[in-house]
Amino acid sequence: DASFDNQSKIATYAIVVMFENKILKSFSKASKIEIKNPTEIETFAVYQAINLILSCYINKNQNQIICINTDCAQVPDFFQNKKSKVKIFQNNSEMIETMKKAYNVVKTKLSGENSDFILKWISRDMNKIAHKQTYNMLKRVRKIKNFENTKEPLGSDSVSAAAACWPQR
């Protein structure tokens with residue numbers, strides 16, 4: 001899941017790893033890169049989930065199906081090179097290349113006979129756990145930022161989207 005405050009440009013994301021409806025790992029973080037819109041942080045959240053899969057969850061000696069769910073419809077299109085009207089990371093072609101490369105690496109590594117990697121859209125209500133985590137992180141970061149700079153009021157206008165990583169059999 002990802003949250004973005006349009007006024008302050010604070011962006012957070014959460015990743016929840018589940019197996020057979022049990023949470024294996026979950027965490028939330030504030031973005032350390034410049035984010036300009038909600039779709040960018042959602043895309044970045046999926047990229048972070050892909051990195052987690054590459055570093056922790058691919059087992060070469062085992063058949064695996066791993067699925068990343070996102071409630072941002074533009075994200076699968078971005079990674080799968082489908083045409084999208086949403087403009088993300090326009091001034092950072094290196095970031096775009098890095099994210100798509102990571103996607104292609106995980107897709108290739110999980111392309112065996114009984115393995116697969118799936119990136120798909122789901123409705124937000126299907127991803128409540130990650131949504132709650134990222135929104136709570138956004139509130140914590142707002143509070144810290146507000147404390148550090150009390151002259152800058154933080155907006156209440158925020159947008160949330162969801163991304164979760166689900167290893168499956």
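Here the structure is a predicted model, which is why all the values come from computation and not from measurement.
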Apply side chain to side chain contact (heavy atoms under 4.5 Å, CB included) to the pair Arg140 and Ser28, showing each step before the final yes or no.
-> CA-CA 11 Å; Arg140 286 193 302 267; Ser28 56; 3.6 Å; yes
Give the intermediate values and the outcome of side chain to side chain contact (heavy atoms under 4.5 Å, CB included) for residues Leu54 and Lys109.
-> CA-CA 9 Å; Leu54 287 170; Lys109 287 186 178 215; 4.1 Å; yes
Show your working on side chain to side chain contact (heavy atoms under 4.5 Å, CB included) between Glu42 and Ile88 and close with a plain yes or no.
-> CA-CA 10 Å; Glu42 176 62 29; Ile88 58 171; over 6 Å; no
Walk me through it: do Thr12 and Thr134 pass the test side-chain hydrogen bond (donor to acceptor under 3.5 Å, both in side chains)?
-> CA-CA 6 Å; Thr12 60; Thr134 192; 3.0 Å; yes
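In this structure, Thr98 OG1 and Glu94 CD are separated by 5.5 Å, a value rounded to the nearest 0.5 Å. We find the CG-CD1 distance between Asp5 and Ile10 to be 5.5 Å, quoted to the nearest 0.5 Å. Atom-to-atom distance recorded for Ile50:CD1 and Met99:CE is 9.0 Å, nearest 0.5 angstrom. Rounding to the nearest 0.5 angstrom, the gap separating the OG1 atom in Thr43 from the CE atom in Met95 is 10.5 Å. Asp116 CG to Gln64 CD: the interatomic distance, rounded to the nearest 0.5 Å, is 11.5 Å. With values rounded to the nearest 0.5 angstrom, Leu138 atom CG is found 7.0 Å from Ser8 atom OG.
Atom NZ of Lys29 has 12 or fewer neighbouring heavy atoms from other residues, nucleotides or ligands inside a 6.0 Å radius. The environment of Lys132 atom NZ is sparse: at most 12 non-hydrogen atoms of other residues, nucleotides or ligands sit within 6.0 angstrom. Within 6.0 Å of CG in Leu110 there are more than 12 heavy atoms belonging to other residues, nucleotides or ligands. More than 12 heavy atoms of other residues, nucleotides or ligands lie within 6.0 Å of CD in Gln62, so this atom counts as buried by the packing criterion. Annotation for Glu97: atom CD does not count as buried by contact number, only 12 or fewer foreign heavy atoms lying within 6.0 Å.
Residues Asn51 and Ala102 come closest through the heavy atom pair OD1-CB, 4.1 Å. Taking every heavy atom of both residues into account, Asp71 and Ser123 meet most closely at CB-C, 4.1 Å. Here the closest non-hydrogen pair linking Pro76 and Lys120 is CG-C, 4.2 Å. In this structure, Ile33 and Ser31 approach most closely via the heavy-atom pair O-OG, 3.1 Å. Across all non-hydrogen atoms, the minimal contact from Glu40 to Phe89 is OE2-N, 2.6 Å. Between Gln80 and Leu119, the shortest heavy-atom contact is NE2-O, 3.4 Å.
Side chains of Ile23 and Val16 form a contact here, defined as non-hydrogen atoms less than 4.5 Å apart. Phe117 has its side chain within reach of Ile53: a pair of non-hydrogen atoms, C-beta onward, lies under 4.5 Å apart. Inter-residue side-chain proximity for Phe27 and Leu52 is flagged as met; some heavy-atom pair is nearer than 4.5 Å. Annotation: side chain of Phe4 is in contact with side chain of Lys9 (closest heavy-atom distance under 4.5 Å). Looking only at side-chain heavy atoms (C-beta outward), Ile96 and Phe78 come within less than 4.5 Å of each other. In this structure, Tyr103 and Tyr47 have side chains that are not in contact, with every pair of non-hydrogen atoms separated by 4.5 Å or more. In this structure the side chain of Ile129 never reaches within 4.5 angstrom of the side chain of Ser26, judged on heavy atoms. Using a 4.5 Å heavy-atom cutoff, the side chains of Ile118 and Ile68 are not in contact.
Side-chain N or O atoms of Ser111 include one that pairs as donor or acceptor with a backbone N or O of Thr108 at under 3.5 Å.
Taking the centre and axis of the six-membered ring of Tyr57, the NZ or CZ atom of Lys25 falls outside the cone set by 45° and 6.0 Å.
When hydrophobic clusters are built by joining Ile, Leu, Val, Met, Phe, Trp and Tyr residues whose side-chain heavy atoms come closer than 4.5 Å, directly or via intermediates, Trp121 is not grouped with Phe44.
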